[in-house]
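Below is one structure, written out as C-alpha cells; comments come after it.
Just follow the structure's listing: the first ligand is 1, and inside any ligand the first atom is 1.
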Amino acid sequence: MKLLHIDSSVLGSHSVSRQVSAAVVDRLRQANPGLEIIYRDLGSTPLSHLSGSHLAAAQGAAAQAEVAQDLVAGQAALEEFLAADIVVLGAPMYNFTIPSQLKAWIDRIVVGGKTFKYGPQGAEGLAGNKRVIIAISRGGFYGTGTPAAVGEHLETYLRWVFGFIGVTNPEFILADGIQVGPEHREKALAGALRAATDLHAA
Ligand SMILES: Cc1cc2nc3c(=O)[nH]c(=O)nc-3n(C[C@H](O)[C@H](O)[C@H](O)COP(=O)(O)O)c2cc1C
C-alpha cells in the first residue's frame, strides 16, 4: 500500500499543519508497517505555476528547457498521486485559502483524462480510489455560524476540488485559532494531534 505525504506550509518546524500531517502518517505507519511512504515538501521544493508554455507543451509544442524540466516534475507529481492509496496533506490557511504552492500542485493533479473527464452527465472524477486525509491549520475560527465562515475558502475549496476528481469523502483534522494566543495554539495543536492518533487506520 502506498501513502503520499505532502506538506505545503512555508513555516518549517514552526508549522502546525506539518506537525499534524506527520502525526497522521505516524499513526498509519504504526498500523501498517509495510506502508510505502513518499514525501513531497511543496514549501521547500515548489512546482512552478502553470504557464502558457506548460499548456502548449502538453499539446505537443516544443518546450523551452526550463519548462521541460518542470513538466517532468509535474508529471512525477501526477504519477505519485495516481499511484497513492492514501494521501495525507498538510494545508495551512494563507489569506483565506490554500498556499499558492499547494495550488501549483493541484494544477498538476487535476488533469483531464487522468483524474477527471467530461461525459454526458458533466464532470466525472476518476481518482475516487483513495483515502485523503487533510490536516488544516487556521489562525482564526471559521466554523458554521461564525462571522468569518463566509471567508473560508480552504476547507471548502479542498472538499470541492477533491470531490471533483472523485474523492467524495476527504477526512479533515482541524487546528483552529492558532493565532489567538499561545495557550490556544497549544490546545488546538494538542486536539489535532489527538485526532490524528485516534484516526481509524484500516
Ligand atoms: C502568509 C500568511 C497568511 C495567513 N492568512 C490567514 C488567514 O487568512 N486566515 C487565518 O485564519 N489565518 C491566517 N494565517 C495564520 C495561519 O493560518 C496559521 O498560523 C496556521 O497555523 C498556518 O499553518 P502552518 O502553521 O502549518 O503554517 C496566515 C498566516 C500566514 C503566514
Side-chain angles (χ1 to χ4, degrees), residues 3-30 35 37-50 73 77 80-81 84 86-110 130-164 167 170-199 201:
L3 184 151
L4 174 61
H5 178 192
I6 296 178
D7 278 320
S8 59
S9 168
V10 298
L11 297 183
S13 60
H14 297 290
S15 158
V16 170
S17 62
R18 282 174 184 268
Q19 291 180 67
V20 179
S21 74
V24 170
V25 173
D26 279 350
R27 160 77 179 131
L28 298 178
R29 187 195 282 120
Q30 276 164 22
L35 210 54
I37 298 172
I38 294 169
Y39 182 62
R40 182 175 280 273
D41 188 339
L42 298 173
S44 64
T45 316
L47 294 157
S48 301
H49 289 158
L50 277 186
E80 274 167 19
F81 178 74
I86 307 173
V87 178
V88 177
L89 176 59
M93 176 179 271
Y94 294 160
N95 295 316
F96 308 106
T97 188
I98 57 172
S100 57
Q101 291 87 347
L102 180 53
K103 178 61 165 55
W105 177 80
I106 287 173
D107 286 342
R108 304 308 177 97
I109 63 141
V110 180
K130 301 176 196 313
R131 182 178 184 192
V132 174
I133 305 166
I134 304 175
I136 276 186
S137 51
R138 298 181 286 211
F141 299 100
Y142 296 87
T144 313
T146 60
V150 69
E152 209 293 330
H153 305 290
L154 169 64
E155 183 181 348
T156 48
Y157 172 72
L158 291 171
R159 197 179 287 285
W160 175 262
V161 79
F162 279 107
F164 182 79
V167 182
E171 300 163 52
F172 288 92
I173 295 181
L174 307 179
D176 277 347
I178 296 301
Q179 297 296 335
V180 168
E183 220 172 276
H184 192 86
R185 177 191 165 97
E186 286 315 307
K187 200 172 145 203
L189 176 57
L193 292 175
R194 212 166 32 247
T197 310
D198 291 346
L199 213 55

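Nearest to atom 30 (C) of ligand 1 among the protein's heavy atoms is Y94 CD2, 3.5 Å. Of the protein's non-hydrogen atoms, S9 OG, 2.6 Å is the one closest to atom 27 (O) of ligand 1. Considering only non-hydrogen protein atoms, atom 8 (O) of ligand 1 sits nearest to F96 N, 2.8 Å. Summary of contacts: the protein heavy atom closest to atom 18 (C) of ligand 1 is G139 N, 3.7 Å. Protein heavy atom closest to atom 10 (C) of ligand 1, with residue, atom name and distance, is Y142 OH, 3.2 Å.
Between the R18 side chain and the D7 main chain, no donor and acceptor come within less than 3.5 Å of each other. Of the possible donor and acceptor atoms, none in the side chain of E171 sits under 3.5 Å from a partner among the backbone N and O of I173.
Shown in contact with P92 at under 4.0 Å from a heavy atom are these atoms of ligand 1, numbered in order with element: 22 (C), 23 (O), 24 (P), 26 (O), 27 (O). Near G140, meaning under 4.0 Å from any of its heavy atoms, are these atoms of ligand 1: 10 (C), 11 (O).
Here the shortest heavy-atom pairing between F141 and G177 reads CZ-CA, 3.6 Å. Nearest heavy atoms, L4 versus E80: CD1-OE1, 3.6 Å. The nearest pair of heavy atoms linking S8 to A91 is OG-CA, 3.9 Å. Between I109 and A77, the shortest heavy-atom contact is CG2-O, 4.1 Å.
Ligand 1 has no N or O atom lying under 3.5 Å from any N or O atom of L11, backbone or side chain. In terms of polar-atom proximity, defined here as any N/O pair under 3.5 Å, I178 makes no such contact with ligand 1. Looking at ligand 1, you'll find an N or O of N95 within less than 3.5 Å of one of its N or O atoms.
Contact annotation for V16 and ligand 1: heavy atoms of both the backbone and the side chain come within less than 4.0 Å of the ligand.
Heavy-atom proximity to atom 14 (N) of ligand 1, evaluated over Q179, M93, H14, is greatest for M93. Ranked by closest heavy atom to atom 23 (O) of ligand 1, the top entry among S21, S17, S137, G12 is S137.
Taking the six-membered ring for Trp and the full ring otherwise, Y39 and H5 have centroids separated by under 6.0 Å.
Taking the six-membered ring where the residue is Trp, F162 and W105 present tilted rings, their angle falling between 30° and 60°.
Put simply, no part of F141 is less than 4.0 Å from ligand 1, judged by heavy atoms.
Ionic pairing of E183 and K187 is not present here: no N-O contact between side-chain nitrogen and carboxylate oxygen is shorter than 4.0 angstrom.
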